[in-house]
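Working notes, structure below.
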Amino acid sequence: MHDFHYHRASSLADALKALAAAKDGRLLAGGMTLLPTVKQRLASPSDLVDLAGLTELRGIRAENGGLGVGAMTTHAEVAHSPDVRKTIPVLAALAESIGDPQVRNRGTIGGSIANNDPAADYPAAVLGLDATVVTNKRKIKADDFFKGLFETALGEDEIVTAVHFPRPEKAAYVKFPSPASRYALVGVLVAKTAGGVRVAVTGAGACVFRVKEMEEALAKSFTADAVKGIKIPSKGLNSDLHGGADYRAHLISVLAGRAVTACG
Amino acid sequence: MADTGIGASVRRKEDFRFLTGRGTYTDDINRPNQAHAYFLRSPHAHAKIKSIDVAAAKKAPGVVSILTGADIVADKVGSLICGWVVKDKQGNPHKAPAHPPLAKDTVRYVGDHVAVVIAETLPQARDAAELIKVDYQVLPAVVDPARALDPGAAQVHAEAPKNLCYDWEIGDKAATEAAFKSAHHVTKLDLINNRLIPNAMEPRAAIGEYDPAYESYTCYSTSQNPHVLRLILCAFVLGVPEHKMRVVAPDVGGGFGSKIYCYAEETVCTWAARKVGRPVKWTAERGESFLSDAHGRDHVTHAELAMDKDGKFLGLKVDTIANMGSYLSTFATCVPTYLYATLLAGQYTTPAIYCEVKAVFTTTAPVDAYRGAGRPEAAYLIERLVETAARELKIDPAELRRRNFIKPHQFPYQTPVALQYDSGNYERTLDEALKLIDYKGFPARKAESAKRGKLRGIGLSAYVEACGIAPSAVVGSLGAGVGLWESGHIRFDPTGSVRIFTGSHSHGQGHETTNAQIVSDLLGVPIDKIEVVHGDTDRVPFGMGTYGSRSAAVGGSAIFKAADKIIAKGKKIAAHLLEAAEQDIEHAHGVFKVKGTDKQKTIGEIAFAAYVPHNYPAGLEPGLDETAFYDPANFTYPAGVHIGEVEIDRDTGVVTVVNWAAVDDFGTVINPMVVEGQVHGGIAQGIGQALLENAVYDKETGQLLTGSFMDYCMPRADDLPSFKIGMTHTPCPHNPLGVKGCGEAGAIAAPPALMNAVTDALGVRHMEMPASPARVWQVLQKTAKAAE
Ligand SMILES: Cc1cc2nc3c(=O)[nH]c(=O)nc-3n(C[C@H](O)[C@H](O)[C@H](O)COP(=O)(O)OP(=O)(O)OC[C@H]3O[C@@H](n4cnc5c(N)ncnc54)[C@H](O)[C@@H]3O)c2cc1C
């Protein structure tokens, strides 16, 4: 890695100040994505502003029947939280499927969604559960948050502080891990929410997306058979050594069916 | 003695050190005043270096020195060598283009060494490397061995027209052709043995050091064979007398073959240490391991098996193209020839075999021996072919194998491809394996899987391999540049403790335990009073290192011979102390007894007398310290049968290994637990090759697409079932321990068993490894279409 300045922020305001003062500053959460990139010199930020000291960004709270998850809450904390397991079990299961124990003990929900890796798991939960991303400035609906490949609605001076998840009626996430990295080759989250049925797909495209056709079919009949037959066009889907676009398209239908079944 | 002797599952002595993080690996060693090396590597698969400008980099903070190919030329540093000369069909030696430790004017693979930056710290070296300006003229790449011989293919070396390293043959062509003419049925198969990246847990590392007072070098290196590394560094590359070089290979975290070779990095660190007057240290990053460790396999083969109407094998014809990569690594040439084609008889009495091998250069990392080295390629070919033949002839695959097995009374068995198998009982291992997996119960299990919507398949693999390489005269006649004996040295201390010095090298195999068990058994010394020393050319007699499952068969035999010498001397001392005739002394497990009496001396008393020789035989040398060199009489021939069972998810193509039985015949087993561990690891690697691992270069650019664990898929614990392990024991008749070697068996046996199971489940003739979900799904799509 190249040399950089390290700041351990003492408050949100302090973090923002350090970020504003830096030539090319980056927020540091769990570092599970950012640090390898810096070590490999694929990114060379002038300053890293560490959010680890901000206890107000950490923790899980009951909120309006759903859950507020602080941005600095680790995947392990979400996976093991009795509240999450009780209120939104799909979220705990999804967090448990991320990486390995070391990654889950460091990586955070804020870092994951701010990074918006096309193969990451959390975006499927945020979009599929119709969550709201809370920042130092505003509240952003999930449908408006994920913009494209590693792209979000976050501004340069914007810090994710929490994510609010409403409680779904039922929901399940089925992940097909890429054999090597075990990120999602395809992951499908199906949820019956207050606002209707949502189907969110990660791993398959440049960015997490919803499948309206499946949502409509499931609204009529919430059965696996309702989605199994729906063929997803492979055009525009990701293709790599571990699966072509046609395979990913096929997996979306298979996994969506399985997710519906898992919803019970 | 049984509790720590031969045959006991003694807990590994070294594990406490390793598991508590107290091992000393090369990277743990730091020398006073050491500087750090960073290698600037080629970003291109193939390019001319038009110029290198290091001026700005030299001025960067902390830089001690920057060296390039020009310095290699100026200092007359030699080429890295290939130590095995293979002669082609016409009797000409293989093409051996120069392999400079730093590229002279051309780079030939992504990761090739362009310059080394030596600086006070590693980050400074890396920073400075970014300032080096290299002007490349990019040339076309060629990565696929099947394309390397094409007329339009990029030329890797001017010295090797058409990229041909050698065109070699073995066997009787005319007899084989005749066998095919008389055949009732011929089974043909085209197959690829996929390229693999070894990925030892510990990356390669080196420290070079020069002591001007003694004009001598020390090279710390992650080597599987420190003496051979010293020999190559001294005699071929750096031109240093051997007594002025010490090579130390401390704890080494896995090798799988990739640490046998003499690489550019340790060469450069050792050479540069003298130039800069400071120790120079380098440790590979994982990305460098992917790019620059010698890769394995990478064969493209067409094979045909001729049979009579009863399925008796009449002849085998094999045509293989083997990828050597960009340069010849230390033993690259012998892998697809003498370690591959000589095994093509497998466990069968096939009377006529003919094999041609074309070795080719490509713009990829060098390819060399990797766990199994040639034998996995042979076993995969034979066992896929035999399985396919059984399906075509509608004979049960176990039965077809049985009909063709070499029978126990036929040993020693001379194959038509040079080797003489020493011993074995192939039918017995097959019977045991069939029992272990419950072969008869398979149809019921298949039906049960079908109920759950899953496809189930079963696959056999009956392998034989050649280990314990090998009689020096034999390997010499085949082109080896070295002898392949081993040394063993047993040193008693006055108080009865023992050190064993061995020229073999442990990098995960458990030698500190198994070698100690041999001595504990033979000489009756408690195992905690025995220390095994290896991996230091200044402490250990010359030895040939560890690879090819040779450490017990050859290294253990040398220790056995040294123990014989201890016993012979001990008898003289005991006779004197017990006032008996030497011929009246009998020895067992460290107790020297006067025949027919209860008068005895223990080995501890003998050792004390030898070092405090107050009352001692006249004329006998004091001390109890013996060395033996053992040159094997033949290879050893471990063999076995593995049977794998898989379930396939039709919707996703995921293959799950649900059942695995392995029955191996390793002859005498010194430590069953250690052997089982070796078998487990081998199977994991074999399943890795068949199901998960694949090194892929971009066909156009020659970039390594699987350059990290994000894309290169290693086997993980949850990819594997619980293995059912069985063993049979036909002792090796020509070494004193009766051992055959077990280090590679699993990696050899597993891929064909797994692919036979996968193709059985899918109902297809063949598919290439690895059987990844996406590929299996493609096959399922095709078979579904065909069925429509
Ligand atoms: C071996 C390995 C396996 C993995 N497997 C998976 C997997 O299976 N599934 C999966 O989804 N992920 C996986 N990951 C990624 C992991 O989940 C990371 O934790 C996550 O992507 C980033 O979270 P982080 O807290 O580490 O963020 P960091 O790496 O610290 O930061 C990532 C980015 O987000 C920005 N950022 C961080 N916090 C905030 C914030 N509060 N507001 C605004 N911007 C912020 C940073 O500036 C940076 O740009 C894996 C990672 C590794 C190393």
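A, B, ... follow the sequence lines: proteins, then strands. Residue 1 opens every chain.
- Looking at every heavy atom in both residues, A/Leu241 comes nearest to B/Thr706 through CD1-CG2, 3.4 Å.
- If you measure heavy-atom distances from B/Met714 to chain A, you find no contacts under 4.5 Å at all.
- Although no hydrogens or angles enter the test, the distance criterion places no donor-acceptor pair under 3.5 Å between the side chain of B/Arg775 and the main chain of A/Gly243.
- For a residue to count as touching a neighbouring chain, one of its non-hydrogen atoms must lie under 4.5 Å from one of that chain's; by this rule A/Lys228 does not touch chain B.
- Neither the backbone nor the side chain of B/Gln781 has a heavy atom closer than 4.5 Å to any heavy atom of chain A.
- For A/Arg258 and B/Asp649, the salt-bridge test passes: some basic side-chain N is under 4.0 Å from an acidic carboxylate O.
- Both the backbone and the side chain of A/Asp246 come within contact range of chain B, each with at least one heavy atom under 4.5 Å from a heavy atom of that chain.
- Between B/Trp777 and A/Leu251, every side-chain heavy-atom pair lies at or beyond the 4.5 Å cut-off.
- For CZ of A/Arg106, the number of neighbouring non-hydrogen atoms (other residues, nucleotides, ligands) closer than 6.0 Å is 12 at most.
- Summarising the geometry of A/Pro179 relative to B/Cys713, their closest heavy-atom pair is O-SG, 3.1 Å, with the distance given to 0.1 Å.
- Shown here is B/Lys58, whose NZ atom has no more than 12 heavy atoms of other residues, nucleotides or ligands within 6.0 Å.
- At a threshold of 4.0 Å, the pair A/Arg182-B/Asp719 counts as salt-bridged, since one of the basic side-chain nitrogens sits closer than that to a carboxylate oxygen.
- No more than 12 heavy-atom neighbours from other residues, nucleotides or ligands sit within 6.0 angstrom of NZ on B/Lys782.
- Here B/Pro773 is the residue among B/Gly653, B/Pro773, B/Ser708, B/Gly287 with the most heavy-atom pairs under 4.5 Å with chain A.
- Not a single donor-acceptor pair under 3.5 Å links the side chain of A/His250 to the backbone N or O of B/Thr652.
- Within a 6.0 Å sphere centred on NE2 of A/His5, other residues, nucleotides and ligands contribute 12 heavy atoms or fewer.
- Judged by distance alone, with hydrogens and angles left aside, the side-chain atoms of A/His242 form a donor-acceptor pair with the main-chain N or O of B/Asp711 at under 3.5 Å.
- Most heavy-atom pairs under 4.5 Å with chain A, from the set B/Glu285, B/Arg716, B/Glu693: that is B/Arg716.
- To the nearest 0.5 angstrom, B/Gln778 atom CD is 9.5 Å from A/Tyr247 atom OH.
- Between B/Glu130 and A/Arg41, at least one side-chain nitrogen of the basic residue sits less than 4.0 Å from a carboxylate oxygen of the acidic one, meeting the salt-bridge criterion.
- When heavy atoms are compared at a cutoff of 4.5 Å, A/Arg248 does not approach chain B at all.
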